[in-house]
Amino acid sequence: MSLTELMSNAGLSRYAEVALLLFFFAFVIIVWRVFSPSRKQLLERQARLPLDDDHASPSRPSAE
Amino acid sequence: MSDSGSPGAATAGARLDSFSYDDVVVRKFLWATIIWGLVGFLMGLIVAIQMAFPAFNLAPWFAFGRLRPLHTNAVIFAFAGNAIFTGLYYSTQRLLKARMFSDTLSKVHFWGWQAIIVSAALTLPFGFTQAKEYAELEWPIDIAIAIVWVIFAVNVIGTLVRRRERHIYVAIWFYIASIITVAILHIFNNLVIPAGPLKSYSIYAGVQDAFMQWWYGHNAVAFFLTTPFLGLMYYFMPKAAEGPVFSYRLSIVHFWTLVFMYIWAGPHHLHYTALPEWASTLGMLFSVMLWAPSWGGMINGLLTLRGAWHKVIDDPVLKFMVVAITGYGMATFEGPMLSVKSVNALAHYTDWIVAHVHTGALSWNGFLTFGMIYWLAPRLFQAPLFSKKLAEAHFWIASFGIILYVVAIYSAGVTQGLMWRAFDETGRLAYPDFVETVARLVPMYWVRVAGGSLYIVGAILFAYNIFRTWKARPVTYEVPVVKAPPLARVSAPPAHAPAPVPAGAWARFVSLGWHRKWEGLPITFTVLTTVAVVVASLFEIIPTFLIKSNVPTIASVKPLTPLELAGRDLYIREGCFNCHSQMVRPFRYETERYGDYSKPGESVYEHPFLWGSRRIGPDLAREGGKYPDLWHVRHFENPRAISPKSIMPAYRHLLTNEMDFDGIQARVDAMVMLGVPYGEAVTGAPAMARRQAAEVAASIVQGGGESGFESKEIVAMIAYMQRLGRDAQQVVLGTNAAKHVHVDSVAPARAPAAPGGSR
């Protein structure tokens with residue numbers, strides 16, 4: 001109950017907007033990192049990971 | 001075969017581990033997907049027929065209100081769930097170059113999940129439900145779900161820790177985020193106080209319960225039907241197209257945007273309800289922002305086919321995937337649009353939402369699953385696909401089915417939405433009789449039956465094709481031994497690492513390569529994702545719970561009497577909330593039809609809330625006092641005797657079932673534990689209920705009906721019906737109550753005291 005009163009009187013109407021901004025900035029940082037040129041090579045290698053495991057299955061039947 | 005036991009084979013200097021993948025569990029999940037898929041689609045067909053042809057509500061347990069949740073649970077958790085596990089177990093092992101952490105956990109996960117599905121099928125038709133969409137299952141089953149899910153999570157995270165591939169492909173990120181988020185959603189939305197072995201009340205009430213439910217409901221769509229399937233797309237699409245994803249960077253951005261944004265979007269399910277304005281605006285804002293990453297993801301998926309479009313022509317796998325991804329794009333285009341308040345005002349409570357869901361479900365989830373399994377089956381069963389022609393036929397038949405379904409149901413939704421809001425020249429409702437707006441839809445419901453049937457025909461061809469493929473399997477499956485070096489403790493410096501140590505603390509900090517480790521450390525990653533999800537949820541949820549002014553109290557709102565509470569439980573048992581809303585929105589066309597709009601303070605004792613999400617029948621929030629008791633008896637006995645075009649099931653069993661008066665006390669007690677001020681009823685609930693039941697029975701006799709209903713369930717149901725909206729009618733609109741409505745033009749200056757004229 002006291003917590004409820006505390007929160008009610010804390011003037012949190014801007015609360016959600018602040019959270020929105022925080023999330024937005026976190027997101028901008030991630031995008032900036034992803035697109036930094038130094039990561040290009042690494043990401044290209046990672047992109048091929050699903051295709052790497054093919055050697056692991058010697059029997060390669062096809063859908064045809 | 002276990003990788004932990006097998007000695008690392010030394011080849012040419014480098015130490016290599018030998019191990020194999022566990023495909024046994026993948027094959028099991030694959031069969032479960034196919035079988036539950038057929039069951040779930042069939043349930044859909046049954047409820048579709050019931051809407052077009054109400055006599056098909058054959059028994060209390062075979063009625064729309066009870067089977068509709070079975071359909072949704074079957075397709076979401078049984079079909080889509082097992083499809084996710086199939087693809088996840090297959091791809092995770094291969095992407096991480098490691099067998100699953102524990103074969104035992106895999107088995108427990110598989111059988112535990114199937115047991116949960118069976119228990120859903122054994123409880124929902126018999127009326128055991130929590131009445132929250134996609135969270136209907138009662139508390140013992142919820143506990144089982146939590147346990148099985150944790151087992152699954154341990155198995156996956158354990159595999160991550162034991163992996164032999166340092167980098168974690170983006171598909172796995174999607175899996176982890178889904179696993180974590182679903183756990184959080186499930187636990188917090190299902191917090192209940194038990195009132196019996198298969199009966200409980202949500203610990204939240206009214207607005208708060210609605211908020212939790214749609215925080216859950218929306219994110220269930222996001223983290224059960226979207227992110228895991230995106231993980232599957234990012235793995236199986238490159239596999240089928242035999243080339244890497246179009247832009248890996250875009251896929252990472254796609255991931256983080258979804259994690260950061262989806263969780264905020266839930267309140268868009270509650271526009272113009274008694275939810276605080278700021279919350280639904282925030283929900284709308286985030287939903288609109290979601291448009292960008294979703295389309296980025298779709299384009300990324302489709303462009304993976306760059307230079308390989310010709311393959312689509314004769315590869316059914318790619319065909320299914322292309323339509324699936326296109327469906328994802330359409331559904332995620334429409335979703336943000338529907339969350340815009342003015343569009344939502346028209347679409348909400350109508351079939352438009354049903355059409356939206358099925359665009360996503362039938363194409364995105366369904367077709368991606370079909371495509372994935374057509375790709376997997378020959379590899380898992382080590383035999384060529386039985387018939388490519390049959391797969392092609394499946395594709396075309398199912399695609400045509402989807403088109404029939406969505407065209408019919410979109411039209412139904414828009415038609416009904418427009419009819420509800422139509423006024424004639426004299427300023428009165430053009431269709432005051434609700435059932436007129438239902439009867440208009442019946443032909444479209446038949447088209448849906450046709451479309452759904454085609455989809456099922458396709459699914460049967462699919463099952464047959466996979467079955468025949470399996471028949472041609474070798475006597476014993478070959479289990480390939482894979483060799484890979486174990487993960488080095490410390491990551492080797494990348495080839496292009498800058499040699500000189502830069503000056504300055506900041507530069508040194510940056511050059512530490514911490515970010516690479518950060519990504520490489522699955523635990524840290526899991527923790528961070530969890531933090532993002534939890535923080536967003538808290539920001540979103542806490543204000544509704546802790547800021548008093550968000551739910552202004554209304555002095556005249558009192559708890560239901562014991563008999564009314566029992567009636568409400570019958571309403572829950574029969575699943576009436578699947579067809580009836582109890583939430584009048586502040587529009588003139590709603591208040592004209594139903595009465596004063598609903599206020600947050602009205603549902604402070606509503607554990608769980610029963611606002612509903614679809615109006616197949618009229619809103620019932622102001623039902624109390626509208627008709628005499630006898631009218632309800634006749635209506636429940638046979639709705640079509642009163643309203644010939646009604647599609648409501650008959651509830652004759654309410655007239656004959658004995659009322660369990662003594663069971664009411666446990667329910668009142670549970671409500672008291674939740675803080676509902678019950679006063680006298682705390683000790684004498686059954687006696688109070690019997691007294692009121694006698695009154696209702698007497699009024700039925702007075703009206704000219706039969707005697708003897710005082711011991712039957714029908715009196716509880718009628719008592720509840722007659723109570724609906726009565727408390728609020730006594731209120732003179734205070735400043736508080738009107739506060740949340742900012743929609744100036746739509747709020748009526750004065751609401752009619754007794755909503756009449758709907759019949």
Side-chain angles (χ1 to χ4, degrees), chain A, chain B residues 21 91 94-95 97 165 167-171 234-236 238-239 242-245 247-249 251-253 256-257 260-261 264 278-279 282 285-286 315-317 374-375 377-379 382-385 388 391 478 480 482 494-496 515-516 532 535-536 539-540 542-543 545-549:
Chain A
M1 228 29 212
S2 62
L3 182 62
T4 310
E5 270 149 29
L6 194 79
M7 293 286 291
S8 303
N9 298 324
L12 295 176
S13 51
R14 306 259 101 192
Y15 192 73
E17 286 92 328
V18 172
L20 184 85
L21 283 178
L22 281 178
F23 269 68
F24 185 70
F25 279 119
F27 178 68
V28 168
I29 291 172
I30 288 169
V31 173
W32 173 70
R33 268 169 34 81
V34 167
F35 283 94
S36 70
S38 67
R39 295 175 61 81
K40 189 166 196 292
Q41 221 181 327
L42 178 75
L43 293 177
E44 266 166 20
R45 195 178 104 59
Q46 289 191 12
R48 300 203 67 88
L49 284 176
L51 305 164
D52 273 2
D53 60 34
D54 276 352
H55 64 84
S57 52
S59 53
R60 295 190 58 193
S62 69
E64 278 72 51
Chain B
Y21 298 131
S91 59
R94 285 161 173 85
L95 284 170
K97 301 231 166 31
E165 167 60 57
H167 300 293
I168 297 178
Y169 185 65
V170 71
Y234 279 121
Y235 180 80
F236 288 100
K239 280 295 209 192
E242 297 173 320
V245 64
S247 163
Y248 192 67
R249 284 180 159 151
S251 67
I252 297 178
V253 174
W256 286 110
T257 349
F260 277 121
M261 289 184 187
W264 293 83
W278 68 265
L282 196 71
L285 208 72
F286 270 94
D315 185 357
V317 171
Y374 278 126
W375 186 87
R379 289 162 177 84
Q382 299 173 6
L385 185 68
K388 208 173 102 176
E478 196 185 322
V482 190
H496 60 283
H515 50 284
R516 204 154 300 131
V535 168
F539 274 120
E540 189 188 18
I542 286 182
F545 280 80
L546 293 181
I547 300 179
K548 272 184 175 171
S549 61

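Protein chains get the first letters and strands the later ones, always in sequence-line order, with residue 1 at the start of each. Being a predicted model, the structure only gives us computed values, none of them experimental.
- The side-chain contact (heavy atoms from CB on, under 4.5 Å) test with A:V31 singles out one residue from B:V253, B:T257, B:I252, and that residue is B:V253.
- For A:D52 against B:K97, the heavy-atom pair with the smallest separation is CB-NZ, 4.2 Å.
- The salt bridge (charged side-chain N to carboxylate O under 4.0 Å, His left out) test applied to A:R45 returns B:E165, not counting sequence neighbours.
- A:A47 and B:P244 get closest at one heavy-atom pair: O-CB, 3.7 Å.
- Side-chain N or O atoms of B:K239 include none that pairs as donor or acceptor with a backbone N or O of A:L51 at under 3.5 Å.
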request  = Any chance you could lay out the side chain to side chain contact (heavy atoms under 4.5 Å, CB included) test for B:R249 and A:L43, step after step, and finish with the verdict?
outcome  = CA-CA 7 Å; B:R249 284 180 159 151; A:L43 293 177; 3.6 Å; yes
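- Contacts of B:Y248 classified as ring-ring contact (aromatic ring centres under 6.0 Å, His included), with partners at least two apart in sequence or in another chain: B:Y169.
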